[in-house]
J.: 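I have a structure here, written as structure tokens, and I will follow up with some questions on it.
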2 protein chains.
Amino acid sequence: MRGTVADDLRRAIVTGDLAPGESLPTEKDLIARYGVSRNTVRSALSALENEGLITSSQGRGRRVRKREPVWIYASRSESHARRRPMGVDSWVDDMRSQGREPRTDIEVAVVHAPVEVSERLKLDNGALVAVRRRTRFADDQPWNLNDSYYPMWLAQEVAAILDPADMTPGLTVHLADHGYVQEYYNDELTCRMPTPEEAQALNIGVGIPVMCHTRTGSTKDGPIRVTITIMPGDRHRLLYEVPA
Amino acid sequence: MRGTVADDLRRAIVTGDLAPGESLPTEKDLIARYGVSRNTVRSALSALENEGLITSSQGRGRRVRKREPVWIYASRSESHARRRPMGVDSWVDDMRSQGREPRTDIEVAVVHAPVEVSERLKLDNGALVAVRRRTRFADDQPWNLNDSYYPMWLAQEVAAILDPADMTPGLTVHLADHGYVQEYYNDELTCRMPTPEEAQALNIGVGIPVMCHTRTGSTKDGPIRVTITIMPGDRHRLLYEVPA
DNA sequence: TAGTGGTCTAGACCACACT
DNA sequence: GTGTGGTCTAGACCACTAG
């Protein structure tokens with residue numbers, strides 16, 4: 001019966017009979033309609049929740065989930081480039097152009113590098129690195145997490161790295177002024193379910209995965225920055241323009 | 001209690017006390033250890049499953065999930081280009097270079113374009129398109145789904161599009177021979193939980209999201225191909241090299 | 001055959017939201 | 001207050017895997 005309940009509701013959702021934002025039947029309704037126990041109904045609804053199709057909140061009932069992704073321009077080909085700098089750092093421009101009000105919280109710290117960072121920066125395991133942790137908001141809702149890691153020798157040379165002020169247009173220019181010109185980025189993308197900490201920080205409901213974007217920026221002499229961005233899948237659409 | 005059980009097990013997994021592939025305590029063990037009911041234990045284990053941390057199979061118990069991602073080279077900058085053609089089409093090369101045996105099943109069809117395809121090909125809603133549906137395998141395991149859509153006028157001009165043979169090195173060369181040279185790709189990336197159909201076709205367990213990669217290829221005159229690739233997150237890592 | 005997880009029932013009490 | 005979902009208990013039977 002669990003399969004039947006879940007299948008019926010799923011069909012109603014994908015066909016649009018149940019529109020985004022609309023309320024689902026209550027548990028009591030479903031118990032009566034299908035003649036099954038409460039646990040069975042809850043198990044079916046839980047499956048839909050974990051598929052990302054519905055939300056659930058105590059006292060208010062369950063709704064069909066809405067999607068409202070924003071575009072993130074991760075790269076532009078030469079012919080399509082605009083005056084703005086490329087990269088996932090153009091958060092403010094991307095948001096404003098989509099009618100959303102951006103905000104960024106920054107904190108800086110010196111930490112032992114996580115292994116995925118030390119590998120990419122070619123540092124010893126556990127070496128100290130400077131990190132700028134950003135929480136980005138759109139219309140005052142937490143939208144994504146964006147942590148940039150720099151080797152300590154660079155943070156000692158470029159003081160702005162450990163300055164918690166929000167840089168406009170970003171540290172890239174500061175770095176270039178000191179002779180560290182990034183020539184290319186190496187982007188890695190995967191996705192997974194969020195950790196409980198990420199889910200809380202980003203206000204992610206059950207059933208929504210995150211994209212993990214790892215950008216390694218290198219000068220001609222080697223890597224100088226690793227940026228890890230955690231983006232809830234229902235709120236982001238990443239765009240690359242690449243030459244054929 | 002559900003929180004306690006799940007938290008304890010999650011901590012053991014992330015710290016490595018429970019290694020990938022290792023068995024978890026049985027439901028009976030956990031019931032005894034925590035003094036809670038079976039439903040409570042199952043609810044906790046179900047949460048871990050939906051976070052992608054563990055697998056579960058009837059009769060065999062639960063294990064800590066293993067990850068074995070493969071690299072997909074989605075773009076290479078000029079300076080790093082190799083002789084092989086770029087794109088997600090270089091499946092065979094990418095797999096062999098990572099010690100895995102690739103295989104591709106292809107079927108072709110003429111269908112009404114899904115809206116996300118007709119939009120990108122600038123066709124009328126519901127227009128007919130030719131589609132080449134691929135299921136890609138690595139070591140005989142289904143690995144990802146890769147569907148390429150072409151406008152009908154193009155399929156009529158380039159007969160190879162509706163030929164179900166596996167093309168080496170792909171249709172891109174055939175198209176170029178007919179004067180359709182793709183100048184750039186527009187890649188869009190997002191992620192979500194798989195549909196039940198995708199989960200079955202790709203043998204995806206509960207708690208594993210998929211990356212959705214939509215590549216639109218355009219000549220100087222406009223878009224001629226849309227390729228949608230569905231990649232389980234635990235088995236793929238997508239790489240872009242982009243100029244700064 | 002024994003032991004595992006999968007499904008299901010029936011009932012209790014709690015926490016939160018709306019009116 | 002009333003109704004919603006969240007948590008929990010106790011017990012039953014089924015389905016699959018392994019020794």
Side-chain angles (χ1 to χ4, degrees), chain A residues 1-10 12-13 18-66 196 199-200 203-208, chain B residues 1-10 12-13 18-66 196 199-200 203-208:
Chain A
M1 285 313 292
R2 163 182 159 187
T4 312
V5 180
D7 288 349
D8 286 357
L9 290 171
R10 188 185 296 108
I13 292 169
L18 280 168
E22 198 171 340
S23 285
L24 269 71
T26 65
E27 294 184 358
K28 219 174 102 182
D29 284 348
L30 294 169
I31 289 166
R33 188 182 308 173
Y34 288 90
V36 295
S37 76
R38 186 170 176 218
N39 272 340
T40 305
V41 164
R42 283 182 60 79
S43 167
L45 291 167
S46 159
L48 297 180
E49 208 181 338
N50 283 308
E51 288 171 31
L53 294 176
I54 66 174
T55 63
S56 176
S57 61
Q58 204 171 33
R60 250 188 331 186
R62 294 182 170 84
R63 310 268 171 108
V64 179
R65 194 184 277 279
K66 294 185 209 175
Q200 193 186 7
N203 200 11
I204 303 179
V206 174
I208 300 295
Chain B
M1 287 313 292
R2 163 181 158 189
T4 312
V5 179
D7 288 349
D8 285 359
L9 290 171
R10 188 184 298 109
I13 292 168
L18 280 168
E22 197 172 340
S23 286
L24 267 71
T26 65
E27 293 184 359
K28 219 172 101 182
D29 285 347
L30 294 170
I31 289 167
R33 188 181 310 175
Y34 289 88
V36 294
S37 77
R38 187 171 175 216
N39 272 340
T40 304
V41 163
R42 284 181 59 78
S43 168
L45 292 166
S46 159
L48 297 179
E49 207 180 341
N50 283 308
E51 288 170 32
L53 295 176
I54 65 173
T55 63
S56 175
S57 61
Q58 202 171 34
R60 245 187 336 182
R62 294 181 169 87
R63 310 269 171 111
V64 179
R65 194 184 277 280
K66 294 186 209 176
Q200 193 187 8
N203 200 10
I204 302 179
V206 174
I208 299 297

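Per chain, numbering begins at 1; letters A, B, ... match sequence-line order.
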J.: Identify, with sequence neighbours excluded, every residue that meets side-chain contact (heavy atoms from CB on, under 4.5 Å) alongside A12(B).
T.: D17(B), L18(B)
J.: Restricting to side-chain contact (heavy atoms from CB on, under 4.5 Å), what partner residues turn up for T4(A), sequence neighbours left out?
T.: M1(A), D8(A), Y34(A)
J.: State which residues pass side-chain contact (heavy atoms from CB on, under 4.5 Å) with A19(B); sequence neighbours excluded, sorted by chain then number.
T.: E22(B)
J.: Suppose the criterion is salt bridge (Lys or Arg N to Asp or Glu O under 4.0 Å): which pairs have a residue in residues 46-61 of chain A, not counting sequence neighbours?
T.: R10(A)-E51(A)
J.: Which dot-bracket string fits DNA chain C when only Watson-Crick or G-U wobble pairs with both atom distances under 3.5 Å count, crossing pairs get [ ], and | stands for a partner on a different strand?
T.: ||||||||||||||||||.
J.: According to side-chain contact (heavy atoms from CB on, under 4.5 Å), who are the partners of S37(B), at least two apart in sequence or on a separate chain?
T.: N39(B), T40(B)
J.: What are the two closest non-hydrogen atoms of A6(A) and A44(A), and how far apart are they?
T.: N-CB, 3.9 Å
J.: For T55(B), which residues count as a side-chain hydrogen bond (donor to acceptor under 3.5 Å, both in side chains) partner, sequence neighbours excluded?
T.: none
J.: Output all residues satisfying salt bridge (charged side-chain N to carboxylate O under 4.0 Å, His left out) with D29(A), sequence neighbours left out; order by chain, then residue number.
T.: none
J.: Just so I know, are the side chains of L24(A) and V64(A) near enough to count as touching, which here means a heavy-atom distance under 4.5 Å?
T.: yes
J.: Quick test: give all pairs of protein nitrogen or oxygen and nucleotides 3-5 of chain C nitrogen or oxygen below 3.5 Å, distance rounded to 0.1 Å.
T.:
residue : atom : partner : partner atom : Å
dT4(C)  : O2   : G59(B)  : N            : 3.4
dG5(C)  : OP2  : E27(B)  : N            : 3.1
dG5(C)  : O3'  : S56(B)  : OG           : 3.1
dG5(C)  : N2   : Q58(B)  : NE2          : 2.7

J.: With heavy atoms of chain B within less than 4.0 Å as the criterion, where does contact along DNA chain D begin and end?
T.: dT7(D) to dA18(D)
J.: Could you pull out all residues at least two apart from E27(A) that satisfy salt bridge (charged side-chain N to carboxylate O under 4.0 Å, His left out)?
T.: R38(A), R42(A), R62(A)
